[in-house]
Amino acid sequence: MTAPLQAIIFDVDGTLADTERDGHRPAFNAAFADVGLDWEWSVPLYGELLRVTGGKERIHEYLRRFRPDFVPPPKSGSESASPSLDAFVRELHRRKTEHYVAMMRDGVIPLRSGVLRLLREARDAGVRLAIATTTTPENVTALLASAPEPGLEHWFEVIAAGDVVPAKKPAPDIFQLALAQLDLPPAACAAVEDSDNGVRSALGADLRALLVTVSSYTEQQDFTGAALVVDRLGEPDAPSTALAGTLQGFPHISLDALRAMHRRAYSMP
Ligand code: XBP
Ligand code: MG
């Protein structure tokens, strides 16, 4: 007999908020401009680069594909040799994080439809909340702090984020870390994702009760193995549409809908 639903593990980028196109992307571009680089990541180019998760890894991928001859410039005012490529990318990414956090503080990106409602329902019912994300921890904190719910960050018992694991999504490490910190087996949890990399990561951690809410960059991706794919969590006045799997009569993703998906994923009555 499988355990009832005890926790929900959420991805952040694309899932809690549609952060990539108008949050991360302009933050990267602002960091490039800061250091005098004429690189500009357009909306379509960024869609390609998103295949690689993690901001530092994404910059390295861009260099490998589009600027193979790039040599980091010496630090301004310094006579010393150029920094290593790794050190240059780390510094560039640090600037990117500063821009991103400032944008979140300005409330540039709202939470997606239904996110706050579902978090409230879960919290009120004693279902535990966790995060498993590739993004830098400060980015998560800044996004949650910008929500119209003071202290939202503290609703999450576990925030597994960024470089704390050896391999980022699609590797299962970050979901495995969240499960270990929750001290729960995967069968006691549901996961919510928006991307194929996230789906592979969650499934790799044996999270079969897996809901996908597609986001602007991920609509066309392959979510094979997810229990249910919807356009959004939705609200009572803004219903969800199932893109794969069944909503089982629920108009939007309420906690009861998630529990029903979880039971079904484990073939429970
Ligand atoms: C999110 C990411 C992140 C962000 C950037 O993937 O890939 O890398 O784009 O974050 P997921 P950092 O939603 O699957 O976790 O720049 O802080 O790395
Ligand atoms: Mg995501």
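Numbering of ligands and ligand atoms starts at 1, following listing order.
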- [ ] Give a yes-or-no answer on whether the side chains of Tyr62 and Arg67 include a donor-acceptor pair shorter than 3.5 Å.
- [x] yes

Open item on the list: Any N/O/S atom, side chain or main chain, of Glu20 closer to the Mg ion (ligand 2) than 2.8 Å?
Closed with: no

Task: Partner of Lys168 under side chain to side chain donor-acceptor pair (under 3.5 Å), chosen from Asp163, Asp173, Thr53 - done: Asp163

- [ ] For ligand 1, indicate whether the residue Lys168 contacts it via side chain, backbone, both or neither (heavy-atom separation under 4.0 Å).
- [x] neither

Task: Side-chain donor-acceptor contact under 3.5 Å, Asp34 with His99 - done: yes

Open item on the list: Can you tell me which portion of Asn139 lies within the under-4.0 Å heavy-atom range of ligand 1? Options are side chain, backbone, both, or neither.
Closed with: side chain

Task: Distance-only polar pair, side chains of Asp194 and Thr213, donor-acceptor under 3.5 Å - done: no

Open item on the list: Any heavy atom of Gly54 closer to ligand 1 than 4.0 angstrom?
Closed with: yes

TODO: Kindly state whether the ring of Phe32 and the ring of Trp41 have centres lying under 6.0 angstrom apart.
DONE: yes

- [ ] Answer yes or no for Tyr46: is there a heavy-atom contact with ligand 1 below 4.0 Å?
- [x] yes

TODO: Taking the six-membered ring for Trp and the single ring otherwise, decide whether the centroids of Phe88 and Phe70 are under 6.0 Å apart.
DONE: yes

Open item on the list: Considering both backbone and side-chain atoms of Thr135, is one of its nitrogen or oxygen atoms within less than 3.5 Å of a nitrogen or oxygen in ligand 1?
Closed with: yes

TODO: Using atom types as modelled and distance alone, determine if a side-chain donor or acceptor of Thr97 lies under 3.5 Å from a backbone N or O of His93.
DONE: yes

Task: Nearest-contact summary for atom 17 (O) of ligand 1 - protein heavy atom, Å - done: Thr136 OG1, 2.6 Å

Open item on the list: Looking only at protein heavy atoms, which one is nearest to atom 14 (O) of ligand 1, and what is the separation?
Closed with: Lys169 CD, 3.4 Å

Open item on the list: Is any side-chain heavy atom of Leu16 closer than 4.5 Å to one of Leu144?
Closed with: yes

TODO: Would you indicate whether Asp183, at its atom CG, is surrounded by more than 12 heavy atoms from other residues, nucleotides or ligands within a distance under 6.0 Å?
DONE: no

- [ ] Examine the proximity of ligand 1 to Asp11 and report which part, side chain or backbone, both or neither, has a heavy atom under 4.0 Å away.
- [x] side chain

- [ ] Among the N/O/S atoms of Asp13, select the one at the shortest distance from the Mg ion (ligand 2) and name it.
- [x] O

Task: Side-chain (Arg200) to main-chain (Ala171) donor-acceptor, under 3.5 angstrom - done: no

Open item on the list: Just to verify, which of Arg51, Lys169, Gln220 counts as forming a side chain to side chain donor-acceptor pair (under 3.5 Å) with Asp196?
Closed with: Arg51

- [ ] Check all N, O or S atoms of Asp194 and name the one closest to the Mg ion (ligand 2).
- [x] OD1

TODO: Measure the distance from atom 1 (C) of ligand 1 to every protein heavy atom, then report the residue, atom name and distance (to 0.1 Å) of the closest one.
DONE: Asp13 OD2, 3.4 Å

Task: Residue, atom name and distance, where the atom is the protein heavy atom closest to atom 12 (P) of ligand 1 - done: His93 NE2, 3.4 Å

Open item on the list: With a heavy-atom distance limit of 4.0 Å, tell me whether Lys96 approaches ligand 1 through its side chain, its backbone, both, or neither.
Closed with: side chain

Task: Proximal heteroatom of Asp11 relative to the Mg ion (ligand 2) (N/O/S) - done: OD2

- [ ] Report the nearest protein non-hydrogen atom to atom 6 (O) of ligand 1: residue, atom name, distance rounded to 0.1 Å.
- [x] Thr134 CB, 3.7 Å

Open item on the list: I'd like to know if Thr133 contacts ligand 1, where contact means a heavy-atom distance under 4.0 Å to any ligand atom.
Closed with: yes

Task: More than 12 heavy atoms from other groups under 6.0 Å of CZ on Arg105 - done: no

Task: Mode of Lys56 contact toward ligand 1 - side chain, backbone, both, neither (heavy atoms, under 4.0 Å) - done: neither

- [ ] Note the single closest protein heavy atom to atom 18 (O) of ligand 1, along with its residue, its atom name and the distance in Å.
- [x] Gly55 N, 2.7 Å

Open item on the list: Suppose we measure from atom 2 (C) of ligand 1 to each protein heavy atom; which comes out shortest, and what is that distance?
Closed with: Arg58 NH2, 3.5 Å

